[in-house]
Amino acid sequence: MLFDNFKFAFKTRKAWWYTATSRSRARFARTTLGSFWLGFSNLLSIGTLGIVYGTVFSVEDFKSYFIYLGFGLVIWNTISASISNSPNLFSYNSSNIKNMNLKPIFYTLEEWSFQLQTFVQSFILVFFVFLFLKFSLISNVLIYSWIPFLNLFIFIYWFPVIICLISVRFTDFAQLVPIVLQLVFLISPILYRKESLGALEWITNLNFIYQILDPLRDSIINGSINYQNSILLLLFNLIGLFCTIRLLNFESKRLPFLL
């Protein structure tokens, strides 16, 4: 049964990728700039927050801080959007799940590919703007960022699906998700450096979302990667993916009665 899900996902790859692409296009229908707005809105946020928090934290090197903040926000926005949209994923598609002969994994893959496309569109513009500030970014991405990118892409699939399956059974859980996300954002060194936490720096080791974000940002900016930790994280993500597909397969027959 598990193999059947992977086989179904592969056979329908063009369909769920196309529906996700259609959602991306529909979001900016009749606009002049189209998906450019994704990158532009990120750059506007980076510029505003960079000036404000750079002043608050008395940052000496604004160029480095803008790059640090910018990539942190782009990666965080993708993780946050994937998780915050997940609790209502099946309820939004409840009529299709009840009336169409499509496996629920289709809707999870559609949402994942939509978030993936959004990330790429946002990341590319921010990346090319930051190249003018630090040209070595391009070699860093090409050489060091492959495993951290893979960890991000796998994580934003399996973890939101877990949240989604829990929320189907316990609807109050959906109300807790945005609260927890906001708290995680505040304790994650995104707007500030990890060193600023001082004696509380150990908190970042317990923040598993930050463990996805930080290695990717560090590999892009500094061209450094801890291969041992990255491979261990990749194994953790693959186990999470495997367990999630099994759980989704187990719950698929019950979904129409829970929605």
Side-chain angles (χ1 to χ4, degrees), residues 1-27 38 75-122 149-181 184 208-209 212 233-259:
M1 291 297 292
L2 190 63
F3 176 75
D4 290 341
N5 272 333
F6 284 109
K7 185 178 179 180
F8 174 81
F10 181 77
K11 287 180 64 175
T12 59
R13 65 191 185 281
K14 292 183 179 179
W16 47 260
W17 187 264
Y18 174 77
T19 53
T21 303
S22 299
R23 284 176 59 188
S24 298
R25 291 175 178 172
R27 182 165 49 168
L38 287 170
I75 299 167
W76 168 260
N77 288 341
T78 298
I79 297 174
S80 176
S82 300
I83 296 174
S84 61
N85 290 343
S86 62
N88 299 313
L89 175 60
F90 287 144
S91 61
Y92 286 154
N93 294 286
S94 60
S95 60
N96 291 335
I97 292 173
K98 293 175 182 177
N99 300 309
M100 294 180 65
N101 190 26
L102 273 178
K103 293 185 178 182
I105 193 174
F106 179 90
Y107 305 104
T108 66
L109 289 167
E110 178 192 8
E111 179 64 24
W112 172 74
S113 54
F114 174 74
Q115 297 298 340
L116 196 62
Q117 291 174 22
T118 300
F119 169 75
V120 171
Q121 291 168 346
S122 302
F149 267 124
L150 187 58
N151 278 323
L152 172 67
F153 296 157
I154 297 175
F155 180 78
I156 63 173
Y157 175 79
W158 74 263
F159 189 72
V161 173
I162 291 290
I163 299 296
C164 180
L165 292 172
I166 295 174
S167 299
V168 168
R169 285 191 171 274
F170 307 100
T171 53
D172 287 341
F173 190 76
Q175 307 304 318
L176 187 63
V177 170
I179 300 173
V180 174
L181 274 176
V184 171
F208 62 91
I209 292 181
I212 298 292
L233 188 58
L234 179 60
L235 290 175
F236 173 77
N237 276 318
L238 290 174
I239 293 171
L241 176 64
F242 178 79
C243 294
T244 299
I245 298 298
R246 284 186 63 89
L247 182 60
L248 179 60
N249 183 61
F250 180 77
E251 292 287 343
S252 291
K253 294 181 180 180
R254 297 179 174 84
L255 275 178
F257 304 100
L258 295 173
L259 294 172

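For reference, positions follow the sequence shown, starting with 1. Keep in mind that this is a model prediction, so the values were computed, not measured.
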Q: So which heavy atom on Pro160 is nearest to which on Ser82, and how close?
A: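 Heavy atoms of Pro160 and Ser82 come nearest at CB-O, 3.4 Å.
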Q: Quick one: which of Arg169, Lys103, Arg246 gives a salt bridge (Lys or Arg N to Asp or Glu O under 4.0 Å) with Glu251?
A: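 For Glu251, the salt bridge (Lys or Arg N to Asp or Glu O under 4.0 Å) test succeeds with only one of Arg169, Lys103, Arg246, which is Arg169.
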Q: Side chains of Ile163 and Leu89: closer than 4.5 Å at any heavy-atom pair?
A: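 SC-SC contact between Ile163 and Leu89 ruled out.
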Q: Decide side-chain contact (heavy atoms from CB on, under 4.5 Å) for Val168 and Leu255; before the verdict, give the C-alpha distance in whole Å, the side-chain angles of both, and the deciding distance to 0.1 Å.
A: CA-CA 8 Å; Val168 168; Leu255 275 178; 3.9 Å; yes
Q: Please report the closest heavy-atom contact between Gly240 and Thr244, naming both atoms and the distance.
A: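 Scanning both residues, the minimum pair turns out to be O-OG1, 2.6 Å.
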Q: To the closest 0.5 Å, what do you measure between CG (Leu116) and CD (Gln121)?
A: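 Going from CG on Leu116 over to CD on Gln121, the span is 10.0 Å.
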Q: Do Gln117 and Thr21 have side-chain atoms, one donor and one acceptor, less than 3.5 Å apart?
A: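 Thr21 and Gln117 do have a side-chain donor-acceptor pair below 3.5 Å.
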Q: Is the CZ atom of Phe149 crowded by more than 12 outside heavy atoms at less than 6.0 Å?
A: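 Result for CZ/Phe149: enclosed.
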Q: More than 12 foreign heavy atoms under 6.0 Å from CZ of Arg13: is that the case here?
A: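 Yes.
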Q: So how far is it from Leu248 CG to Leu165 CG, rounded to the nearest 0.5 Å?
A: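 It comes to 5.5 Å.
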Q: Show the nearest heavy-atom pair for residues Ser94 and Ser91, with the distance to one decimal.
A: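 The answer is OG-O, 3.1 Å.
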Q: Quick one, Tyr157 and Ile245 - any side-chain contact, counting heavy atoms below 4.5 Å?
A: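 Result yes, sub-4.5 Å side-chain heavy-atom pair found.
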Q: Where the side chain of Trp17 meets the backbone of Ser113, is there a donor-acceptor pair that is under 3.5 Å apart?
A: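 No, because the side chain of Trp17 does not come within donor-acceptor range (under 3.5 Å) of the backbone of Ser113.
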Q: Just how far is it from atom CD1 of Ile154 to atom CH2 of Trp112, taken to the nearest 0.5 Å?
A: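 Between Ile154 CD1 and Trp112 CH2, I get 9.0 Å after rounding to 0.5 Å.
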Q: Do Leu176 and Asp172 have side-chain heavy atoms sitting under 4.5 Å apart?
A: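 The answer is no; the side chains never approach within 4.5 Å.
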Q: Measuring from Thr108:OG1 to Glu111:CD, what's the distance to the nearest 0.5 Å?
A: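 Reported to 0.5 Å precision, the distance equals 9.5 Å.
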Q: For Phe208, which residues count as a ring pair (Phe, Tyr, Trp, His ring centres under 6.0 Å) partner, sequence neighbours excluded?
A: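 Partners of Phe208 under the ring pair (Phe, Tyr, Trp, His ring centres under 6.0 Å) test: Phe159.
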Q: Which atom pair, heavy atoms only, marks the closest approach of Leu181 to Ile83?
A: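 That closest heavy-atom pairing would be CD1-CG2, 4.0 Å.
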Q: For residues Asn151 and Leu234, report the shortest heavy-atom separation together with the two atoms involved.
A: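 It is OD1-CA, 2.9 Å.
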Q: Is it true that a side-chain atom of Ser122 and a backbone atom of Thr118 form a donor plus acceptor pair closer than 3.5 Å?
A: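 Here the side-chain-to-backbone pair exists.
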Q: Under 3.5 Å, side chain of Trp158 to main-chain N/O of Ile239, donor-acceptor pair present?
A: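 Not confirmed, Trp158 side chain does not pair with Ile239 backbone.
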Q: Indicate yes or no: at least one non-hydrogen side-chain atom of Phe155 is less than 4.5 angstrom from one of Ile209.
A: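 Of all side-chain heavy-atom pairs linking Ile209 with Phe155, at least one is under 4.5 Å.
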Q: Show the nearest heavy-atom pair for residues Phe90 and Cys164, with the distance to one decimal.
A: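 What the structure gives for the nearest pair is CD1-SG, 3.2 Å.
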Q: Could you go step by step and tell me if Asn237 and Ile212 meet the side-chain contact (heavy atoms from CB on, under 4.5 Å) rule?
A: CA-CA 10 Å; Asn237 276 318; Ile212 298 292; 3.8 Å; yes
Q: Would you say Trp76 and Val184 make side-chain contact, with heavy atoms under 4.5 Å?
A: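 Yes - at least one pair of side-chain heavy atoms lies under 4.5 Å apart.
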Q: Rounded at 0.5 Å granularity, tell me how far OG1 in Thr12 sits from CD in Glu110.
A: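 Going from the OG1 atom of Thr12 to the CD atom of Glu110 covers 10.5 Å.
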Q: Can you find a heavy atom in the side chain of Phe8 that is under 4.5 Å from one in the side chain of Phe106?
A: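 Answer yes - side chains close enough.
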Q: Would you indicate whether the side-chain heavy atoms of Leu247 and Ile162 approach each other to under 4.5 Å?
A: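 Yes, side chains in contact.
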Q: Between the side chain of Ser80 and the main-chain N/O of Asn77, is any donor-acceptor distance below 3.5 Å?
A: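 Not confirmed, Ser80 side chain does not pair with Asn77 backbone.
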Q: Ring pair (Phe, Tyr, Trp, His ring centres under 6.0 Å) with Tyr107: which residues, sequence neighbours excluded?
A: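 Tyr107 satisfies ring pair (Phe, Tyr, Trp, His ring centres under 6.0 Å) with no other residue.
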